[in-house]
Novice: 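Could you have a look at this structure, given as structure tokens, before my questions?
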Amino acid sequence: MRVWPGKSYPLGATWDGAGVNFAIFSEHATKVELCLFESADASKESLRIALADQTDQVWHAYLPGIQPEQLYGYRVSGPYEPQNGHRFNPNKIVLDPYAKAIGRDLRWDDSLFGYKIGDPQIDLSIDTRDNAAFAPLGAVMDHAFTWGDDHAPHTPWHKTLIYELHPKGFTKRMPGVPEKTARHLRGPGVGSRHQAPDRLECDRRRDHARPSPRR
């Protein structure tokens with residue numbers, strides 16, 4: 001696998017048609033390893049690559065030949081000092097906070113926790129089990145889109161009014177959008193609508209037999 005230095009921006013995994021630039025921020029990490037997975041069913045990574053280049057606390061690398069839908073995560077080394085807010089644990093695969101897509105959902109397992117469940121020290125302990133089989137993974141995305149005959153409105157800034165939409169709030173009564181809502185959007189002279197970004201959700205773990213990490 002060829003590994004080039006890459007760039008610190010943009011953050012996340014960015015495909016340019018020939019390869020992928022990976023970039024992740026960490027101020028206190030001492031080592032960052034990119035982990036590539038062959039499939040969502042893989043129990044461990046097929047390839048682990050240490051990011052040797054760092055710019056302004058952003059660790060980065062470019063991998064030529066990597067394609068969209070590639071699954072990946074990170075292992076990040078550094079101090080394990082919970083009392084100081086540091087919980088680096090290279091035994092754990094962590095999801096890229098800048099991932100543009102989730103390629104594998106979280107699968108609940110005790111190894112996902114950075115501390116030992118049931119330990120007398122609660123969340124001040126450290127769990128050294130590998131969670132690669134259960135951790136959520138990011139996926140490389142192809143952002144190319146054919147717009148066809150559509151084009152930007154090129155509304156002058158002095159006439160621009162942006163209305164931010166929340167997907168749930170504006171689709172709860174589907175099918176159809178209430179006429180009063182349509183009038184409301186047209187009335188103030190709204191020329192652009194910004195949709196609030198989606199987020200990853202997972203089922204809350206229910207295990208009442210285990211103590212809470214915080215008392």
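FYI, the numbering just counts along the sequence from 1. For clarity, every value in this text was computed on a predicted model and none was experimentally measured.
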Novice: Evaluate D96 against Y72 for side chain to side chain donor-acceptor pair (under 3.5 Å), listing each step before the verdict.
Specialist: CA-CA 8 Å; D96 181 2; Y72 72 100; 2.7 Å; yes
Novice: Mind checking who shares a hydrophobic cluster with F145, ILVMFWY linked at side-chain heavy-atom distances under 4.5 Å?
Specialist: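 When side chains under 4.5 Å apart are linked, the cluster holding F145 also contains W147.
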Novice: Indicate if V94 and F88 have the same hydrophobic cluster label, given that clusters are the connected sets of ILVMFWY residues with side-chain heavy-atom separations under 4.5 angstrom.
Specialist: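 Yes; tracing contacts between hydrophobic side chains, which count when under 4.5 Å, links both residues.
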Novice: Would you check if P90 and V76 make a side-chain contact, meaning some heavy-atom pair closer than 4.5 Å?
Specialist: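 P90 does not reach V76 side chain to side chain.
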Novice: Nearest 0.5 Å, please: how far is CD1 in I102 from CE in M141?
Specialist: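 Rounded to the nearest 0.5 Å, the CE-CD1 separation comes to 10.5 Å.
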Novice: Given K92 and D127, is the salt bridge (Lys or Arg N to Asp or Glu O under 4.0 Å) satisfied, shown in steps?
Specialist: CA-CA 9 Å; K92 309 299 180 181; D127 188 296; 3.0 Å; yes
Novice: Side-chain contact, heavy-atom cut-off 4.5 Å: T14 with V20?
Specialist: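 SC-SC contact between T14 and V20 ruled out.
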Novice: Among residues two or more places apart or on two chains, list those pairs meeting ring-ring contact (aromatic ring centres under 6.0 Å, His included) that have a residue in residues 28-63.
Specialist: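 Non-adjacent pairs meeting ring-ring contact (aromatic ring centres under 6.0 Å, His included): W4-Y62, H28-H86.
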Novice: Please test R75 against E45 for salt bridge (Lys or Arg N to Asp or Glu O under 4.0 Å), starting from the C-alpha separation and ending with a verdict.
Specialist: CA-CA 11 Å; R75 294 185 187 273; E45 62 266 36; 2.9 Å; yes
Novice: Taking only residues two or more places apart in sequence or in another chain, which ones pass side chain to side chain contact (heavy atoms under 4.5 Å, CB included) with V58?
Specialist: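 Partners of V58 by the side chain to side chain contact (heavy atoms under 4.5 Å, CB included) criterion, ordered by chain and then number, come out as S8, L11, A23, F25.
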Novice: Show the nearest heavy-atom pair for residues G138 and A99, with the distance to one decimal.
Specialist: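 Reported closest heavy-atom pair: CA-CB, 4.2 Å.
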Novice: Should I66 and W15 be marked as a side chain to side chain contact (heavy atoms under 4.5 Å, CB included) after you check the CA-CA gap, both sets of side-chain angles, and the distance that decides it?
Specialist: CA-CA 8 Å; I66 297 295; W15 185 63; 5.9 Å; no
Novice: Count the heavy atoms belonging to other residues, nucleotides or ligands that lie under 6.0 Å from CD of E38, then report whether that count exceeds 12.
Specialist: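 Incorrect, the count does not exceed 12.
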Novice: V3 vs M1, test: side chain to side chain contact (heavy atoms under 4.5 Å, CB included). Steps then yes/no.
Specialist: CA-CA 6 Å; V3 180; M1 172 66 68; 4.3 Å; yes
Novice: Find the distance between SG (C35) and CG (L71) and round it off to the nearest 0.5 Å.
Specialist: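 It is 12.5 Å, given to the nearest 0.5 Å.
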Novice: Is L137 linked to F22 within one hydrophobic cluster, defined over Ile, Leu, Val, Met, Phe, Trp and Tyr using a side-chain heavy-atom separation of less than 4.5 Å?
Specialist: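 Each belongs to a different hydrophobic cluster.
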Novice: Flag the pair D16 / N21 as yes when at least one side-chain heavy-atom distance between them is below 4.5 Å, and no otherwise.
Specialist: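 Result no, sub-4.5 Å side-chain heavy-atom pair not found.
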Novice: Going from CG on L95 to CZ on R104, what distance comes out if it is rounded to the nearest 0.5 angstrom?
Specialist: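 Going from the CG atom of L95 to the CZ atom of R104 covers 10.5 Å.
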Novice: Please evaluate residues S125 and Y115 with respect to the criterion side chain to side chain contact (heavy atoms under 4.5 Å, CB included), reporting the C-alpha separation (whole Å), side-chain torsions for both, the decisive distance (0.1 Å), and the verdict.
Specialist: CA-CA 5 Å; S125 62; Y115 55 88; 3.6 Å; yes
Novice: Once you round to the nearest 0.5 Å, how far does CG of N91 lie from CZ of R129?
Specialist: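 It comes to 10.5 Å.
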Novice: Do Y74 and I93 land in one hydrophobic cluster if side-chain heavy atoms of ILVMFWY residues count as linked below 4.5 Å?
Specialist: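 No, Y74 does not connect to I93 through the hydrophobic network.
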Novice: With sequence neighbours left out, what residues match W157 under ring pair (Phe, Tyr, Trp, His ring centres under 6.0 Å)?
Specialist: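 Counting only residues at least two positions away or on another chain, W157 forms no ring pair (Phe, Tyr, Trp, His ring centres under 6.0 Å).
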Novice: Rounded to the nearest 0.5 Å, what separates atom CD in Q83 from atom CG in L124?
Specialist: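 Answer rounded to 0.5 Å: 7.0 Å.
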Novice: Do L51 and E33 have side chains that approach each other closer than 4.5 Å (heavy atoms only, starting at C-beta)?
Specialist: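 Side chain of L51 against side chain of E33, heavy atoms only: no contact under 4.5 Å found.
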Novice: L106: which residues meet the side chain to side chain contact (heavy atoms under 4.5 Å, CB included) condition with it, sequence neighbours left out?
Specialist: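 If we apply the side chain to side chain contact (heavy atoms under 4.5 Å, CB included) test to L106, skipping adjacent residues, the hits are W108, L112, P136.
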Novice: Run the side chain to side chain donor-acceptor pair (under 3.5 Å) check on S111 and D109 step by step: do they pass?
Specialist: CA-CA 5 Å; S111 65; D109 185 82; 2.6 Å; yes
Novice: Is there a path of hydrophobic side-chain contacts, each under 4.5 Å between heavy atoms, that joins F134 and I117?
Specialist: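 In one cluster with F134: I117, yes.
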Novice: If I take atom CD1 from residue I126 and atom CZ from residue R87, how far apart are they, to the nearest 0.5 angstrom?
Specialist: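 Going from the CD1 atom of I126 to the CZ atom of R87 covers 9.5 Å.
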Novice: Quick one: does L34's side chain get under 4.5 Å of L63's, heavy atoms only?
Specialist: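 SC-SC contact between L34 and L63 confirmed.
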Novice: Counting only heavy atoms not in H151 (residues, nucleotides, ligands), do more than 12 fall under 6.0 Å from its NE2?
Specialist: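 Atom NE2 in H151 is not crowded, with 12 or fewer foreign heavy atoms closer than 6.0 Å.
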Novice: Do any pairs count as a salt bridge (Lys or Arg N to Asp or Glu O under 4.0 Å) and have a residue in residues 49-71, sequence neighbours left out, and if so which ones?
Specialist: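 Residue pairs passing salt bridge (Lys or Arg N to Asp or Glu O under 4.0 Å), neighbours aside: none found.
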Novice: Quick one: do D123 and F113 satisfy side chain to side chain contact (heavy atoms under 4.5 Å, CB included)? Show the steps, please.
Specialist: CA-CA 9 Å; D123 62 343; F113 292 84; over 6 Å; no
Novice: Just checking K31: does its NZ atom have more than 12 heavy atoms from other residues, nucleotides or ligands closer to it than 6.0 angstrom?
Specialist: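 Result for NZ/K31: open.
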